[in-house]
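Data block below; observations after.
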Protein chains: 2
Amino acid sequence: MHSPTKHIAESTVRRLSLYLRFLEEFESRGQTTVSSGELARSGGTTSAQVRKDLSFFGSFGKRGLGYGVKDLIHSIREILGLEQPWPVIIIGAGKIGAALAQYRGFTSRGFHVVGVYDRDPAKTGMNLGALSVRSDTELERDIALHKPRIAVLAVPGEAAQAMVDRVVSAGMHAILSFAPAPLHAPQGVTIRAVNMATELEILAYSLTHGV
Amino acid sequence: MHSPTKHIAESTVRRLSLYLRFLEEFESRGQTTVSSGELARSGGTTSAQVRKDLSFFGSFGKRGLGYGVKDLIHSIREILGLEQPWPVIIIGAGKIGAALAQYRGFTSRGFHVVGVYDRDPAKTGMNLGALSVRSDTELERDIALHKPRIAVLAVPGEAAQAMVDRVVSAGMHAILSFAPAPLHAPQGVTIRAVNMATELEILAYSLTHGV
DNA sequence: ATCTGTGAACCGGTTCACAGCC
DNA sequence: GGCTGTGAACCGGTTCACAGAT
């Protein structure tokens with residue numbers, strides 16, 4: 001089954017997400033069965049890694065045969081929690097926030113943007129696809145009302161920690177931040193931060209030091 | 001000095017980038033000296049980790065005193081390769097590409113966007129800040145001419161691998177991809193991929209499995 | 001006394017290798 | 001024969017603990 005007793009490494013979860021993509025590709029090509037080796041080759045890992053990753057959550061394959069593509073897709077979606085929809089709010093309607101609000105990759109996996117907020121009155125009312133930007137003063141009320149599960153932060157670095165505190169005390173437990181600032185949240189709240197400057201700096205390092 | 005003999009873990013480089021941010025903050029507050037403990041507290045690590053990270057590249061501190069803020073900033077910038085400017089091109093002028101092209105966080109650290117490209121003729125000529133979108137047919141010529149060092153990919157998943165191949169054979173060695181597709185490149189080329197769907201899926205997992 | 005620099009111990013994620021099933 | 005599932009070995013990043021410098 002898919003309730004691991006042990007703690008699961010983030011890298012494992014990340015790979016599951018990757019496997020899922022390949023499985024969907026295999027499915028769209030009509031392939032009904034895959035081996036751990038095939039999945040490994042697509043994803044740039046090893047077959048043992050694939051088997052180990054899956055074995056944390058149960059036995060999904062058949063020895064001598066491999067994994068059923070359809071079944072494994074379903075199992076991984078269940079493990080990741082993707083069999084249910086995830087309402088998402090975006091906070092900050094600047095360039096990045098506006099782009100994210102209209103990003104199709106979100107919706108395709110069950111993530112629905114249900115609200116976009118900004119503190120700048122000049123931006124509220126602005127249309128982004130089907131949504132219009134709301135004032136950040138509505139945030140607490142809307143969170144209580146619509147119970148979004150994930151907040152995406154696209155606010156300036158200086159405003160980020162204060163906004164984390166706000167959405168956390170409004171009851172949210174998962175935050176994806178694009179703000180260029182390190183953030184802290186209480187136990188029980190998961191924050192993931194994507195820092196584009198850091199990504200570029202890692203590239204600069206690799207260029208500077210030869211590969 | 002700052003030419004490590006051993007291989008350096010990516011996590012180390014990522015932390016150096018983080019330390020740099022804090023050091024700049026300390027500097028702007030007029031602080032002249034920091035201990036590994038102070039840096040650790042800001043960055044959510046341990047003092048031993050900070051010292052170990054720095055020691056890969058040399059001895060920058062004074063026993064009993066700590067590190068000189070200014071000196072350490074300089075040293076880390078040198079280690080990361082940030083003492084020189086890094087010309088960057090952005091490929092794909094959709095929502096994400098356009099947002100990135102105007103993202104201020106890039107320029108502040110020596111990364112200069114010198115070109116934005118799209119294959120859609122409707123987009124070429126469009127103004128993004130100081131730049132206007134160019135046709136992707138100019139790509140090879142421009143790369144040969146201006147020698148950008150980093151390519152940021154903001155193209156659809158299906159187009160991503162082909163574009164990687166193009167910029168690699170045009171001579172580029174570092175790519176930051178926002179395309180939702182796993183990419184492969186030959187030895188000697190560094191690719192970093194930011195996949196927003198995966199980030200959300202990791203959050204969905206953590207919400208599903210309780211922290 | 002304080003804080004750095006670093007070998008040694010530790011820990012956890014990855015890889016190996018093989019038993020078990022088709 | 002082919003491929004999964006998994007304990008054991010391995011490896012590398014983190015933490016510990018202490019010697020050395022101020």
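Reminder, nothing fancy here: chain letters follow the sequence lines and each chain counts from 1. Atoms considered below: every heavy atom in the structure, side chains included; atoms not considered: hydrogens, waters and symmetry mates.
In this structure, B/Trp86 contributes its side chain and B/Pro148 its backbone to no donor-acceptor pair below 3.5 Å.
A/Arg77 has no carboxylate O lying under 4.0 Å from a charged side-chain N of B/Glu201, or vice versa, which leaves the two without a salt bridge. Ion pairing between A/Asp118 and A/Arg134 fails under the 4.0 Å rule for side-chain N and carboxylate O. Using a cut-off of 4.0 Å between Lys/Arg side-chain N and Asp/Glu carboxylate O, A/Glu10 and A/Arg192 are scored as salt-bridged. A salt bridge between A/Arg29 and A/Glu24 is absent, with no side-chain N of the basic residue lying under 4.0 Å from a carboxylate O of the acidic one.
When rounded to the nearest whole Å, the span between CZ of B/Arg63 and C1' of D/dA19 equals 8 Å. Counting to the nearest Å, the P atom of D/dG5 and the CG atom of A/Asp53 are 12 Å from each other.
In the helix from C/dA1-D/dT22 to C/dC22-D/dG1, the terminal helix axes, each the rotation mapping four pairs' C1' atoms onto the next four within five end pairs, subtend 0°, rounded to 10°.
How far CD1 of A/Ile90 is from CG of A/Leu153: 10.5 Å, rounded to the nearest 0.5 Å. The structure places CD of A/Glu38 at 5.0 Å from CD of A/Gln31, a figure rounded to the nearest 0.5 Å.
For DNA chain C, none of the residues of residues 39-47 of chain B falls under the heavy-atom distance limit of 4.0 Å.
Chain A approaches DNA chain C within less than 4.0 angstrom (heavy atoms of the protein), and the contacting nucleotides run 5' to 3' from C/dG13 to C/dC22.
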Could you walk me through whether A/Phe56 and A/His7 satisfy the side-chain contact (heavy atoms from CB on, under 4.5 Å) test, starting with their C-alpha distance in whole Å, then the side-chain angles of each, then the deciding distance to 0.1 Å, before giving a yes or no? CA-CA 9 Å; A/Phe56 283 123; A/His7 171 256; over 6 Å; no
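For the pairing with A/Thr198, the side-chain hydrogen bond (donor to acceptor under 3.5 Å, both in side chains) check across B/Arg109, B/Arg21, B/Arg14 returns one residue only, B/Arg21.
Looking at A/Thr32 and A/Val69, their side chains never come closer than 4.5 Å, going by heavy atoms from C-beta outward.
Place A/Arg51 and B/Gly64 on DNA chain C by their nearest nucleotides, and B/Gly64 ends up nearer the 5' end. Comparing A/Gly66 and A/Lys52 against DNA chain D, the residue whose closest nucleotide sits nearer the 5' end is A/Gly66.
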